[in-house]
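Heavy atoms only: backbone and side chains are in, while hydrogens, waters and symmetry mates are out.
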Amino acid sequence: MPDNQQDIKMFLEDQYQWVKEQDEILERIEIKLYEMRNIAEYARDQQLSSEERNRLNNQLNELKLEILELRQQLHSSFH
């Protein structure tokens with residue numbers, strides 16, 4: 001394979017790997033968003049004590065921070 005074709009092949013393999021990594025991060029974000037939705041739906045459907053509301057809010061805030069960290073990974077690995 002000529003050098004140019006080899007370079008193109010390496011470039012495309014790198015791009016493929018980058019896309020796979022991005023997809024994995026997006027999948028992890030999606031899972032956390034589903035968790036947040038489940039918490040919100042549970043809170044909507046239940047009579048919650050203030051302690052329980054605070055606990056759920058803390059869970060939502062923790063998930064939000066995790067999503068922001070994952071989002072940062074998406075942008076920091078921009079190719």
So do the side chains of Leu26 and Glu30 get within less than 4.5 Å of each other, counting heavy atoms only?
no
At what distance, to the nearest 0.5 angstrom, does CG of Leu74 lie from CD of Glu24?
11.5 Å
Is the number of heavy atoms from other residues, nucleotides or ligands within 6.0 Å of CZ (Arg71) greater than 12?
no
Heavy atoms of Ile25 and Leu70 approach each other most closely as CG2-O, 3.5 Å
Pairwise distance CG(Asp7) to CD(Gln5) - rounded to 0.5 angstrom:
10.5 Å
Kindly check if the number of other-residue, nucleotide or ligand heavy atoms within 6.0 Å of CD (Gln59) is above 12?
yes
One should read off an interatomic distance between Leu56 CG and Ile39 CD1, to the nearest 0.5 angstrom, of 6.5 Å
Report whether Leu65 and Leu60 are members of the same hydrophobic cluster (ILVMFWY, side-chain heavy atoms less than 4.5 Å apart, transitive linking).
no
Looking at side-chain heavy atoms only, is the closest gap between Gln72 and Glu69 below 4.5 Å?
no
Out of curiosity, does Leu63 fall in the hydrophobic cluster containing Leu33 (side-chain heavy atoms, cut-off under 4.5 Å, transitive links)?
yes
Any idea which heavy atoms bring Glu66 and Lys32 closest together, and the distance?
OE1-NZ, 2.6 Å
Side-chain heavy atoms under 4.5 angstrom apart, residues restricted to Ile, Leu, Val, Met, Phe, Trp, Tyr: same cluster for Tyr16 and Val19?
no
CD of Glu51: more than 12 outside heavy atoms within 6.0 angstrom?
no
